[in-house]
S.K.: 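Mind having a look at this structure? Questions to follow.
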Amino acid sequence: NDLVFFCFENPQGSDISGKIYTMLGTEVAAISPRRDKTGVAGVGCPASIIQAQYATWDGTADNVRVRNGIYVYRIISEDQVFTGTLLVVR
């Protein structure tokens with residue numbers, strides 16, 4: 001089972017949203033933050049992050065596994081935007 005785990009600090013409780021895109025800019029999936037202490041399958045954020053939140057992506061688009069390739073993530077919090085790339089290889 002594929003799972004990408006994004007962990008971040010959100011001390012002001014800002015609204016956070018995120019999306020996954022193909023390299024051509026097509027939206028693949030939306031990701032939403034969570035505040036569970038244990039995370040997914042018992043994996044949580046490091047204890048040093050006090051106001052921890054995390055988001056996950058399971059490597060699917062509309063419940064279908066995405067193809068191998070490079071994907072872009074974009075996480076938005078108020079006036080900050082965080083972007084990066086993900087490599088899916090199976």
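None of the values given here were measured: they were computed from a predicted structure.
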S.K.: Using the side-chain hydrogen bond (donor to acceptor under 3.5 Å, both in side chains) criterion, which residues pair with Gln80? Sequence neighbours excluded.
M.R.: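 In terms of side-chain hydrogen bond (donor to acceptor under 3.5 Å, both in side chains), with neighbours along the sequence ignored, Gln80 is linked to no residue.
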
S.K.: State the CG-CG distance between Asp58 and Asn63, to the nearest 0.5 angstrom.
M.R.: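 Those atoms lie 7.5 Å apart.
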
S.K.: Ring centres under 6.0 Å, that's the criterion: do Phe5 and Trp57 meet it?
M.R.: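 Judged by ring-centre distance (under 6.0 Å), Phe5 and Trp57 do not meet the cut-off.
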
S.K.: On a heavy-atom basis, which atom in Arg74 and which in Tyr21 lie closest, and how many Å separate them?
M.R.: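 Arg74 and Tyr21 have their closest heavy atoms at CB-CE1, 4.0 Å.
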
S.K.: Does atom CG of Asp15 have more than 12 heavy-atom neighbours, drawn from other residues, nucleotides or ligands, at distances under 6.0 Å?
M.R.: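 No.
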
S.K.: What pairs meet the salt bridge (charged side-chain N to carboxylate O under 4.0 Å, His left out) rule with one or both residues in residues 79-90, with sequence neighbours excluded?
M.R.: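 As it turns out, the salt bridge (charged side-chain N to carboxylate O under 4.0 Å, His left out) pairs with a partner in residues 79-90, which skip direct neighbours, are Asp2-Arg90.
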
S.K.: Output, in order, the C-alpha distance, side-chain angles, deciding distance and verdict of side chain to side chain contact (heavy atoms under 4.5 Å, CB included) for Thr22 and Tyr71.
M.R.: CA-CA 5 Å; Thr22 66; Tyr71 294 84; 4.1 Å; yes

S.K.: What is the minimum heavy-atom distance between Met23 and Val72, and which atoms define it?
M.R.: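 Result for this residue pair: SD-CG2, 3.6 Å.
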
S.K.: Ignoring hydrogens, what is the shortest heavy-atom contact between Phe6 and Ile31? Give both atom names and the distance.
M.R.: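 Closest approach of Phe6 to Ile31: CE1-CD1, 3.8 Å.
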
S.K.: What closest approach, in Å, do Pro33 and Phe8 show between heavy atoms, and which atom pair accounts for it?
M.R.: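 Closest approach of Pro33 to Phe8: CB-CZ, 3.9 Å.
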
S.K.: Taking the side chain as everything from C-beta on, heavy atoms only, tell me whether Ile16 gets closer than 4.5 Å to Gln53.
M.R.: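 The answer is yes; the side chains approach within 4.5 Å.
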
S.K.: At their closest point, which heavy atom of Val28 faces which heavy atom of Thr60, and how far apart are they?
M.R.: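 Residues Val28 and Thr60, closest heavy atoms: CG1-O, 4.1 Å.
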
